[in-house]
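Structure first, commentary second.
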Amino acid sequence: MTLRRTLKALELPQDLDPHLVSIQWIGGRDLLIEQHRGILRFEADTIRFASEQGVLSVNGTDLQMEQLTATRALISGVISSVSIEEKS
């Protein structure tokens, strides 16, 4: 049984799955992304990340990468939207 099925069967929160991308919007100007799988595009108005669930897009203006590791990113700027294009 996979970890996701086990979490669902035990009615545990999905955020216990270490493969799910985690997004925290902090104070309206910072965005913390954990468990990404790399940057696909980086521009001042769009940053796109690969994740296990699909492509995560952050849109806004004056976007800056404050911190970046292999699985974690902290973005600042005027963030207008965050979306995910799920894998098919």
Side-chain angles (χ1 to χ4, degrees):
M1 186 180 279
T2 67
L3 178 59
R4 284 194 191 117
R5 282 193 226 161
T6 303
L7 292 172
K8 191 172 186 174
L10 296 175
E11 298 180 7
L12 294 172
Q14 286 188 8
D15 61 352
L16 294 176
D17 185 342
H19 300 105
L20 288 178
V21 69
S22 171
I23 304 164
Q24 295 178 9
W25 205 329
I26 306 163
R29 289 197 53 93
D30 294 321
L31 192 70
L32 176 63
I33 299 171
E34 296 179 304
Q35 302 308 327
H36 70 80
R37 297 214 170 163
I39 296 176
L40 301 173
R41 179 178 176 185
F42 178 64
E43 296 179 7
D45 63 348
T46 303
I47 304 175
R48 293 170 56 95
F49 294 90
S51 76
E52 185 164 313
Q53 293 73 45
V55 177
L56 175 70
S57 295
V58 179
N59 299 299
T61 54
D62 299 323
L63 299 178
Q64 298 177 7
M65 194 74 63
E66 298 295 332
Q67 296 176 5
L68 180 64
T69 69
T71 60
R72 181 181 165 132
L74 179 62
I75 300 167
S76 67
V78 180
I79 299 164
S80 58
S81 68
V82 178
S83 61
I84 192 158
E85 300 167 25
E86 292 187 34
K87 290 182 181 178
S88 46

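Keep in mind that what you see is a predicted model, and the values were worked out from it rather than measured. Just the heavy atoms: all of them, side chains too, but no hydrogens, waters or symmetry mates, feed the values below. Positions are given from 1, in the same order as the sequence printed here.
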Heavy-atom distance under 4.5 Å between the side chains of [X] and [Y], does that happen here?
X   : Y   : answer
R29 : V78 : yes
L63 : V58 : yes
I33 : F49 : yes
L32 : I23 : no
R37 : V21 : no

- Indicate whether any N or O donor in one side chain lies under 3.5 Å from an N or O acceptor in the other, for N59 and T46.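 N59 vs T46: donor-acceptor pair found between side chains.
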
- Item | Donor + acceptor pair across side chains of Q35, S22 (<3.5 Å) |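 No donor-acceptor contact under 3.5 Å links the two side chains.
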
Please report the closest heavy-atom contact between [X] and [Y], naming both atoms and the distance.
X   : Y   : result
L68 : M65 : CB-CG, 4.0 Å
R72 : H36 : N-NE2, 3.3 Å
D30 : S76 : OD1-CB, 3.2 Å
R48 : S57 : NH1-OG, 3.1 Å

- Which distance, rounded to the nearest 0.5 Å, do you find between the CD of Q67 and the CG of L74?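 Between Q67 CD and L74 CG, I get 5.0 Å after rounding to 0.5 Å.
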
- Query: How many angstroms lie between atom CD1 of I79 and atom CG of D62, to the nearest 0.5 angstrom?
  - Reply: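 The CD1 atom of I79 sits 11.5 Å away from the CG atom of D62.
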
Are [X] and [Y] connected in the hydrophobic side-chain network, where two residues link if heavy atoms are under 4.5 Å apart?
X   : Y   : result
I84 : W25 : yes
L56 : L40 : no
I75 : V82 : yes
L31 : I26 : no

- Item | Residues, nucleotides or ligands: over 12 heavy atoms within 6.0 Å of E43 CD |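 More than 12 within 6.0 Å, yes.
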
